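Chain letters run A, B, ... following the sequence lines, proteins first, then strands; residues in each count from 1. Computed from a predicted model, the values in this text were never measured in an experiment.
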Amino acid sequence: MAKASYPFAEIEAKWQRFWHETGLFRCDTSDTSRPPYYVLTMYPYPSGALHMGHVICYSIGDSVVRYHLMRGENVLTPMGWDSFGLPAENAAIAARVPPAASAKRNIDKMRQQMIRAGWGYDWTREVACSHPGYYKWTQWLFLQFYKAGLAFKKMAPVNWCPSCQTVLANEQVHDSGCERCGTPVEQRDLEQWFFAMSRYAQRLLDGHAKLAGKWPDSVLKMQQEWIGRSEGARLDFTLSAPGTPLDGQGMPVFTTRPDTTYGVTFMAIAPEHPHVEKLLANNPRRAELLDVVKRLRMQSAIERTSEESKKEGIPTGHYVVNPFDASKAEIWVTNYALMHYGTGAVMGVPAHDQRDFLFAREYGIPIKVVIQPEGETLDPDTMPAAYIDPGVQVNSGPFDGMPNEEAKRAMTQYAKDHGVGDFTVSYRLRDWLLSRQRYWGAPIPIVYCDTCGEVPVPEDQLPVELPPNVEFKPTGESPLARCAEFVNATCPKCGGPARRETDTMDTFVDSSWYFLRYVTPRKDDGAFDRALCDAWLPVHQYVGGHEHATMHLIYARFFTMVLHDLGLLAFDEPFERLFCQGMVCAPAYRADCHCLKGTKEPVPEEQVSKHGDGTATRTSDGAPVVLDRQWLRPAEVDIEGLVRKSDGWPVRVEMAKMSKSKFNGVSPDELFEKSGADAVHSYILFVGPADQDVVYTDEGVIGIHRFLNRFWDAVTGWAERLRDVAQPPSAAQPSDPDSRALRRKAHQILKRVTDAFEPPFRFNTAIAGIMELTNELRDRAEKAGHPGAVKEALSLAVQCLAPFAPHICEELWGRLGGAPSIFRNPWPTYDAEAAKEEEIEVPVQVNGKLRSKVLVPAGVEAAALEAAALADERVKGLIAGKTVRRVVVVPGRLVNIVVG
RNA sequence: GCGAGAGUGGCGGAAUUGGUAGACGCGCAGGACUUAGGAUCCUGUGGGUAACUCCGUGCGGGUUCGAGUCCCGCCUCUCGCACCA
């Protein structure tokens with residue numbers, strides 16, 4: 001008879017119902033009889049469909065949850081929805097469905113998928129950040145920040161996405177483009193809301209000490225770079241700008257190279273620098289120069305990457321005075337000085353900074369060498385590049401002859417002593433721009449009154465609710481601004497007419513505290529319960545993607561620190577341990593073909609004329625042609641010949657993260673249908689280390705499905721026979737070798753699986769081990785003389801597999817006579833004695849090359865092992881007639897005989 | 001350019017951290033069975049060779065009795081950051 005698959009659909013439905021009805025994952029946070037364990041997986045954006053990225057993240061989380069349940073811990077395993085945000089609003093604009101309605105529909109759908117997937121969550125704790133019962137507290141938290149002076153409005157040059165019609169945080173700009181739509185970001189001066197995150201730069205850095213070894217190094221490194229601490233000096237130059245109000249004022253700079261201060265030959269300031277206008281006020285070429293400045297400002301984001309560090313600037317005709325030697329240096333407005341770092345003014349030292357060097361060469365600015373390398377003399381006229389390595393001070397007044405490393409300190413000290421500078425630290429981390437000119441987010445709870453000015457909404461008037469009916473066209477202004485009933489308010493202070501703030505908060509604000517809300521999700525007299533949070537957090541294990549290294553994971557840490565400092569929490573790091581899963585990749589097919597510009601009409605390669613300047617035209621009529629990169633559906637590709645079926649043009653294959661636009665995704669639902677949730681979970685954890693990218697293949701899932709079938713057959717085949725058999729007490733070792741071998745393997749694998757749950761998680765080798773144990777059962781169970789040993793091996797195999805393939809194991813556990821739920825039964829105890837090898841095969845090398853193997857009892861003495869090796873027939877033949885120079889014996893490992 | 005990580009069979013990946021390279025799975029080949037299934041069950045499977053054996057962890061050196069693992073110098077790929085003074 002053709003062998004049927006085990007009835008996974010039936011079993012999975014049965015146990016999902018059972019877990020739900022018995023409340024397996026419901027957490028009683030007041031139960032202190034068991035140690036708390038909080039497992040958190042990053043809550044998803046409710047796009048409407050699970051993808052494989054969710055599957056890997058939530059399967060990891062689920063395995064950890066189940067393992068810790070088996071360890072007898074009180075496990076908190078919540079799930080919720082990051083349901084505010086631009087995609088929902090854009091969908092609303094396109095489909096004319098209110099975001100709240102589409103969010104609800106998507107959430108309902110994804111919740112069903114998650115339940116079908118069998119992941120264990122405490123659904124009584126579900127939260128959605130777009131629910132007024134949630135964002136009321138997001139607003140409350142904003143007010144706490146506001147009261148503490150950590151939330152404020154300021155005018156600043158900001159990143160503006162012209163397509164999304166909103167500002168973006170620094171963290172949300174990638175490759176000078178909008179993180180969501182890729183549109184090049186523009187710089188605009190706007191008054192916006194910020195959190196004072198830069199004040200926490202050092203704290204965020206210091207906190208890493210606590211996280212070392214518990215968070216992936218890569219994430220800590222990325223954060224460290226993002227925070228960008230650099231030590232240096234503030235030096236106070238003085239403005240010499242006769243005829244302007246600035247004359248005689250100070251102009252401080254930040255530098256990491258105070259040792260080069262005598263080499264300053266110009267001063268570079270950012271085009272956004274507040275002094276620019278004043279410095280040009282009396283300039284005869286004022287209008288012309290201001291135009292250039294304007295252009296430089298526009299450049300900053302867009303052309304920077306394309307024009308690979310082309311230095312540009314204009315002279316202002318004014319000067320600064322060097323605090324060390326009173327020399328004068330002209331002030332230039334340049335595109336490479338950044339307003340948001342340091343002071344926006346950079347001392348130009350062309351001899352010892354490559355950027356300054358390029359700029360100086362471009363504009364004929366003098367170069368002055370102040371550091372000479374050992375045994376060499378730099379010539380300012382001929383040096384091909386800035387000299388940035390160590391050397392000795394020259395042309396540096398009293399510091400001549402001093403090694404420059406020493407001069408850094410000495411010169412800063414000098415500046416400090418003379419009141420013209422100090423030691424200082426600069427950070428790259430900027431304040432968090434949190435306002436968005438969009439509808440679908442938590443309204444910022446502020447009103448503006450003509451008499452009282454900016455007034456926070458009183459806490460008892462929260463939430464400031466989103467009005468349900470607004471026009472959703474993006475105009476650069478929040479849709480809320482056109483909603484009169486929302487905008488018009490009364491001033492909480494004077495009762496007079498006032499206008500509401502119409503910007504909403506970045507969704508990262510919502511996700512910066514959701515882990516606190518889960519502990520008391522329905523609490524209506526506070527955002528969170530301090531005592532319970534102190535008991536349950538920091539989150540014991542957090543699981544999510546790397547992509548949040550410098551966004552969510554910094555923001556959440558910042559929030560937690562602030563709440564700690566405000567006396568609202570006892571802890572200051574939100575996540576004790578972090579695991580970042582890899583991406584799920586699959587082959588994607590790409591055709592690079594020439595198309596008529598503005599259309600998708602392909603032009604055959606031989607009809608394309610390419611011109612030297614990168615443009616191309618169609619040979620026949622000179623119509624412009626552009627290179628178009630198209631991702632193809634697998635059905636469009638002849639995989640064998642790797643050409644596009646329609647026209648036979650070559651196609652490239654590329655491993656890429658699954659995505660809709662690349663047509664290389666698979667639907668988790670379909671996989672659950674075909675192979676079962678257990679097979680999908682186990683597959684995704686088996687295919688490779690969970691923190692590395694995995695390449696998905698159908699065959700792999702089928703392979704695991706086959707394994708689960710074999711596993712099912714192995715256990716059910718014995719279940720009846722062994723129903724009433726007791727397991728052997730570990731002290732009484734069975735006498736027959738097969739029974740002993742089974743016990744040995746079973747306990748070895750138990751250890752391996754147990755260890756796999758210690759970070760870094762190694763689920764792939766754990767599952768491989770369970771396969772080995774299953775193979776061992778196949779080979780030995782029938783021969784084993786001790787039914788107790790067989791039963792023990794089967795039980796251990798089922799328990800070890802349970803965190804990865806929970807449904808099938810729950811069923812098999814019952815069939816072996818265990819009481820449900822398997823997850824309420826304690827994790828088995830490892831028996832080191834049973835796991836010990838009895839005999840081992842020791843390799844014997846002659847001159848480092850493997851020549852033979854000897855079988856010896858485990859734990860054999862070095863001398864006996866050496867004797868056994870030398871007595872080996874093959875070895876004897878190889879060393880006959882030669883001098884044995886040395887014998888290296890590593891007990892239990894190998895013997896190496898060195899002959900000469 | 002800077003920072004991090006990775007290069008092992010036809011493929012995904014193992015290897016107790018200096019000690020039998022290729023666990024486990026996929027794929028492939030042969031066989032058994034068949035109610036034709038994404039079957040199942042045996043057997044084999046790094047490469048060369050008839051064989052003894054030899055060669056094999058990106059490349060070139062080195063340390064060592066012994067190197068995938070450590071050191072030096074390269075190459076390639078991936079991911080971050082990218083005029084940060």
Asker: Could you work out the separation of A67(B) and C55(B) based on their P atoms and round it to a whole Å?
Answerer: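 Nearest-Å result for A67(B) against C55(B) at atom P: 13 Å.
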Asker: Looking only at atom C1', what distance separates U35(B) and C26(B), rounded to whole Å?
Answerer: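 So the two C1' atoms sit 28 Å from each other.
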Asker: Where do L773(A) and M771(A) land on the side chain to side chain contact (heavy atoms under 4.5 Å, CB included) test, with the steps shown first?
Answerer: CA-CA 5 Å; L773(A) 175 55; M771(A) 290 171 171; over 6 Å; no
Asker: Contact class for V898(A) (heavy atom, under 4.0 Å): base, sugar-phosphate, or nothing?
Answerer: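 Sugar-phosphate only.
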Asker: Atom pairs under 3.5 Å, N or O on each side, protein against nucleotides 26-30 of chain B: can you list them with distances?
Answerer:
{"residue": "C26(B)", "atom": "OP1", "partner": "R706(A)", "partner atom": "NH2", "Å": "3.2"}
{"residue": "G27(B)", "atom": "OP2", "partner": "R706(A)", "partner atom": "NH2", "Å": "3.0"}

Asker: Base, sugar-phosphate or nothing for S675(A)? Non-hydrogen atoms, less than 4.0 Å.
Answerer: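 Contact class for S675(A): base.
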Asker: Do Y683(A) and Y696(A) have ring centres separated by under 6.0 Å?
Answerer: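 Centroid distance Y683(A)-Y696(A): below 6.0 Å, so yes.
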Asker: Restricting to nitrogen or oxygen on both sides, can you table the protein-nucleotides 45-53 of chain B pairs closer than 3.5 Å?
Answerer:
{"residue": "U53(B)", "atom": "OP1", "partner": "R874(A)", "partner atom": "NH1", "Å": "3.2"}

Asker: Dot-bracket notation for RNA chain B is requested: 5' to 3', Watson-Crick or G-U wobble pairs only, both distances under 3.5 Å, with ( ), [ ], | and . as defined.
Answerer: (((((((..(((......[....)))((((((.......))))))((......))..(((((..]....))))))))))))....
Asker: For atom C1', what is the distance between A14(B) and G60(B), given to the nearest Å?
Answerer: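 These two C1' atoms come out 28 Å apart once rounded.
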Asker: Could you list, one pair per line, each protein nitrogen or oxygen that sits under 3.5 Å from a nitrogen or oxygen of nucleotides 1-7 of chain B, together with the distance?
Answerer:
{"residue": "G3(B)", "atom": "O2'", "partner": "E225(A)", "partner atom": "OE2", "Å": "3.4"}

Asker: Base, sugar-phosphate, or nothing: which does K849(A) touch, judged by heavy atoms less than 4.0 Å apart?
Answerer: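 The residue K849(A) makes sugar-phosphate contact but no base contact.
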Asker: With sugar-phosphate meaning primed atoms plus P, OP1 and OP2, does D356(A) contact a base, only sugar-phosphate, or nothing at under 4.0 Å between heavy atoms?
Answerer: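 Nothing, no nucleic acid heavy atom in range.
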Asker: Return the set of residues passing side-chain contact (heavy atoms from CB on, under 4.5 Å) with T765(A) (not counting sequence neighbours), or none when no residue passes.
Answerer: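 Scan of T765(A) (side-chain contact (heavy atoms from CB on, under 4.5 Å), adjacent residues dropped) gives R762(A).
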Asker: Using a 4.0 Å cut-off on heavy atoms, which residues in residues 836-845 of chain A reach RNA chain B? List them by number, or say none.
Answerer: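 The stretch gives E841(A), P843(A), Q845(A) as the residues lying under 4.0 Å from the strand, ordered by number.
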Asker: Base, sugar-phosphate, or nothing for R229(A), non-hydrogen atoms under 4.0 angstrom?
Answerer: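 Nothing: the residue R229(A), judged by heavy atoms under 4.0 Å, touches no strand.
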